[in-house]
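Below are the structure tokens for one structure; questions will follow.
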Amino acid sequence: MPEAATAPRKFTLGEYKTDVHVDWCPGCGDFGILSSIQQAFFQLQLPPHRVALISGIGCSGKTPHYVDTYGLHTLHGRALPVATGAKLANHQLTVMALGGDGDGYGIGAGYFLNSGRRNLDITYVVYNNGVYGLTKGQASPTLRKGLKTKSMPEASIQEGINPIAVALGAGYTWIGRGYALDVKHLVSLITQAITHKGTSFLDVYQTCPVYNDLRTKEWYAGEDIGHSRLRRLDAEADWDPVVHDPANKDEIVQKKVRALAASYDNDDRLAVGVYYKIDLPTYDDQLAGKIPALKEHPLIDLPLYERDVEPLFKELE
Ligand code: SF4
Ligand code: MG
């Protein structure tokens with residue numbers, strides 16, 4: 001008699017959590033991002049042994065310690081290249097790179113650019129708080145000109161960069177922005193970013209109540225101006241971030257220009273949501289086209305040498 005088929009086991013939310021003590025400061029926005037990542041994995045029912053979280057250095061870098069999947073806490077600014085290696089070695093993994101704004105837009109800026117043009121099927125989440133929190137609040141690349149947080153002796157005299165604009169130029173195929181304290185919306189964005197086939201980039205406004213006393217939760221709530229500073233793109237009837245015909249250059253330009261304009265909104269109406277999405281061939285799929293064995297097995301399962309490499313070694317002697 002054939003064996004009765006057993007229903008796949010459902011993972012619980014608790015299975016995505018470790019028992020490592022979370023040592024971020026009380027009230028840190030990182031808690032909202034951590035919870036959103038765990039809830040997104042749970043909603044997608046990703047088997048924990050099929051997920052790899054790769055982080056850089058900074059407060060955000062501790063995230064893989066708290067999520068019960070594979071994880072690697074790497075070097076400053078190097079989350080993306082390590083995530084790239086993990087995905088190439090095993091394209092069956094869901095790979096998420098994580099880091100702060102100092103980590104990703106400062107020392108890791110070269111990787112941020114070049115990961116955009118590659119379109120490997122991975123997700124990159126940046127915890128953006130405008131400061132280097134782990135090293136006591138120096139201005140990061142996203143702190144706006146003229147702002148002076150409590151740990152700075154003088155206001156910043158250089159402009160902050162616009163990560164959404166950079167991502168649009170670099171070629172990311174899914175670009176979004178969330179807010180750490182709106183967990184429900186952030187879960188939805190992370191879920192969309194993971195399920196997008198290609199490189200997804202999600203910048204998250206994150207509150208650092210210890211060192212950034214300007215971009216507080218009260219500031220985002222707009223308590224001083226009488227309305228939230230956050231504008232939900234997905235609540236706007238005419239907002240459509242999707243490029244419906246990837247062969248249509250005019251549509252691509254039009255969608256990018258619109259996303260760019262939204263990213264430059266003033267401080268009283270910061271846009272959160274999906275800015276841009278296009279379906280293009282992924283690096284993974286193109287690689288599998290060149291190495292057909294990758295369609296059947298990930299690289300880690302393939303024999304090291306499929307053909308005689310002695311002639312090559314001889315040639316290199
Ligand atoms: Fe969070 Fe800031 Fe504390 Fe780091 S320093 S854990 S970002 S509140
Ligand atoms: Mg930071």
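Values below: all heavy atoms of this structure, side chains included; hydrogens, waters and symmetry mates excluded. First listed ligand is number 1; within each ligand, the first listed atom is number 1.
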Would K136 count as a contact of ligand 1 if the rule is a heavy atom under 4.0 Å away?
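For ligand 1, residue contact (heavy atoms, under 4.0 Å) with K136 is absent.
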Checking only N/O/S atoms, does C208 have one that is under 2.8 Å from atom 4 (Fe) of ligand 1?
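Not a single backbone or side-chain N, O or S atom of C208 is under 2.8 Å from atom 4 (Fe) of ligand 1.
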Give a yes or no on whether the ring-centroid distance for Y66 and W24 is below 6.0 angstrom.
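Close enough - the centres of the two rings lie under 6.0 Å apart.
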Which angle, to the nearest 10 degrees, do you find at the Mg ion (ligand 2) between OD1 in D101 and OD1 in N129?
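Value, to the nearest 10 degrees: 100°.
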Is the Y124-Y172 ring centre distance short of 6.0 angstrom?
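No; Y172 has its ring centre 6.0 Å or more from that of Y124.
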Counting heavy atoms only, name the option from P209, G137, C59 that's nearest to atom 4 (Fe) of ligand 1.
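Heavy atom nearest to atom 4 (Fe) of ligand 1 belongs to C59.
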When you measure from the heavy atoms of L134 to every atom of ligand 1, does any distance fall below 4.0 Å?
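False for this residue.
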Just checking: V131, one of its N/O/S atoms, less than 2.8 Å away from the Mg ion (ligand 2), yes or no?
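Looking at V131, which is the residue asked about, there is an N, O or S atom under 2.8 Å from the Mg ion (ligand 2).
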Does N212 approach ligand 1 within less than 4.0 angstrom via side chain, backbone, both or neither, non-hydrogen atoms only?
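For N212, no heavy atom sits under 4.0 Å from ligand 1.
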Considering heavy atoms of the protein only, find what lies nearest to atom 3 (Fe) of ligand 1 and give residue, atom and distance to 0.1 Å.
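Ranking protein heavy atoms by distance from atom 3 (Fe) of ligand 1, first comes C25 SG, 2.3 Å.
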With respect to F201, which candidate in Y111, F112, Y275 satisfies the ring pair (Phe, Tyr, Trp, His ring centres under 6.0 Å) definition?
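Only match with F201 under ring pair (Phe, Tyr, Trp, His ring centres under 6.0 Å): F112.
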List the closest protein heavy-atom neighbour of atom 1 (Fe) of ligand 1: residue, atom name, distance to the nearest 0.1 Å.
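Here the closest protein heavy atom is C28 SG, 2.3 Å.
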Pairs involving residues 69-97, ordered by first then second residue, that meet ring pair (Phe, Tyr, Trp, His ring centres under 6.0 Å) (sequence neighbours left out):
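Those involving residues 69-97 are H65-H73.
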Would you call R229 and Y179 a side-chain contact if the rule is heavy atoms closer than 4.5 Å?
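Of all side-chain heavy-atom pairs linking Y179 with R229, none is under 4.5 Å.
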